[in-house]
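Values below: all heavy atoms of this structure, side chains included; hydrogens, waters and symmetry mates excluded.
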Amino acid sequence: MQRYKAKIAYDGSRYSGFQIQPNGRTVQEELEKALKKMHKGTLVKVTSSGRTDAGVHARGQVFHFDSPLLLPSERWVNAVNGLLPYDLSLLEVEKADPGFHARYDVVGKTYKYFLYTGKIRDPFRHHYTSYYPYKLDVHQMREAAGYLVGTLDFTSFCSAKTTKENRVRTISVIDIEVVGDEIIFTFTGTGFLYNMVRIIVGTLLKVGSGKIKPGDIPEILAAHDRKRAGKTAAAKGLYLWEVYYK
């Protein structure tokens, strides 16, 4: 058996997330259906770098799988894409060491969050950007973001439903860029808790709208209380952009 490392992109608007679940269409289900056809009815399990929630997109999700088929990358990509639905695309496949693990070998990830700020709702961006047609002070948001860079306890910035006991994570980059009528947030770190990026965005929007001050962020962090942070921003603006390995 050969272990393969693969990268995929998907439009998450019609998925209930990556991981297979009893009810709802998932990315993992579609991938395994395609691989099963290629392997003449034999189930081929895929393991991802991490789950994404319903409505969240990906430009660079990574997964691994084992197969007795020894195919070059281009043939894997063409064959699998021929069996996948239009909203899911295999980007690349490469041979990996037998011990490679798409989840446990991750050393970092980048997420991007897209916010559309135009005065009139754009139907063509509805599934791919969050909509916020109100005035925002981006300078204040950038100042607030500075308090969230580093190795910190992000208990206040993760869902109360998280099962992780250790809520300490390291964020190395938070970039906020204005491009026309969009604000693009970029987050790079060693790992992220459940809903962490979306809660940080929701909190930065509170700062940008003047509801709280940048200097309030350290107090929110120290409180270790989800209720102190902002609302969870909409899933449709979030993209898993890149996954990093050693």
Test your reading of the model: is there a side-chain donor-acceptor pair from His39 to the backbone of Gly41, 3.5 Å cut-off?
no

Roughly how far, to the nearest 0.5 Å, is the CD1 atom of Ile200 from the CD1 atom of Ile174?
5.0 Å

Can you tell me if CG on Leu43 sees more than 12 non-hydrogen neighbours from other groups inside 6.0 Å?
yes

Give a yes or no on whether a salt bridge exists between Lys7 and Glu94, defined as a side-chain N under 4.0 angstrom from a carboxylate O.
no

Any donor-acceptor N or O pair under 3.5 Å, side chains Gln61, Ser49
yes

Taking the six-membered ring for Trp and the single ring otherwise, decide whether the centroids of Tyr111 and Phe192 are under 6.0 Å apart.
yes

Could you tell me whether a side-chain N or O of His64 sits under 3.5 Å from a main-chain N or O of His101, the two making a donor and an acceptor?
no

Verify the distance criterion only: is there a donor paired with an acceptor across the side chains of Asp53 and Asn195 at less than 3.5 Å?
yes

A cation-pi test, strictly: NZ or CZ of Arg167 under 6.0 Å from the centre of the six-membered ring of Phe154 and no more than 45 degrees from its axis. Yes or no?
no

Treating Arg169 as the side-chain partner and Asn166 as the backbone partner, does any N or O pair qualify as donor plus acceptor under 3.5 Å?
yes

Pair Tyr239-Arg59, side-chain donor/acceptor within less than 3.5 Å:
no

Pairing donors with acceptors under 3.5 angstrom, does anything connect the side chains of Tyr131 and Asp122?
no

Check: His127 main-chain N/O paired with Ser13 side-chain donor or acceptor under 3.5 Å:
no

Ion pair Asp105/Lys246, N-O distance below 4.0 Å
no

Going hydrophobic residue to hydrophobic residue with side-chain gaps under 4.5 angstrom, can you get from Trp241 over to Met196?
no

Between Thr203 and Ile199, is there a donor-acceptor pair closer than 3.5 Å when you use the side chain of the first and the backbone of the second?
yes

Carboxylate-amine/guanidinium proximity below 4.0 Å for Arg3 and Asp66:
yes

Quick check on the hydrophobic clustering: are Tyr194 and Val243 connected, directly or via other members, by side-chain heavy-atom contacts under 4.5 Å?
no

Side chains of Asp87 and Tyr15: do they bring a donor and an acceptor to under 3.5 Å?
yes

Over 60° means perpendicular and under 30° means parallel, so classify the ring planes of Phe65 and Tyr4, tilted if in between.
parallel

Can you confirm whether Arg51 is buried at CZ, in the sense that more than 12 heavy atoms of other residues, nucleotides or ligands lie under 6.0 Å from that atom?
no

Side chains of Thr188 and Thr110 only: does a donor on one sit below 3.5 Å from an acceptor on the other?
yes

So, Tyr10 and Thr52: side-chain donor and acceptor under 3.5 Å apart, yes or no?
yes

When you measure from the side chain of Ser156 to the backbone N and O of Asp225, does any donor-acceptor pair fall under 3.5 Å?
yes

How close do Tyr147 and Leu152 get, counting heavy atoms only, and between which atoms?
O-CD1, 3.5 Å

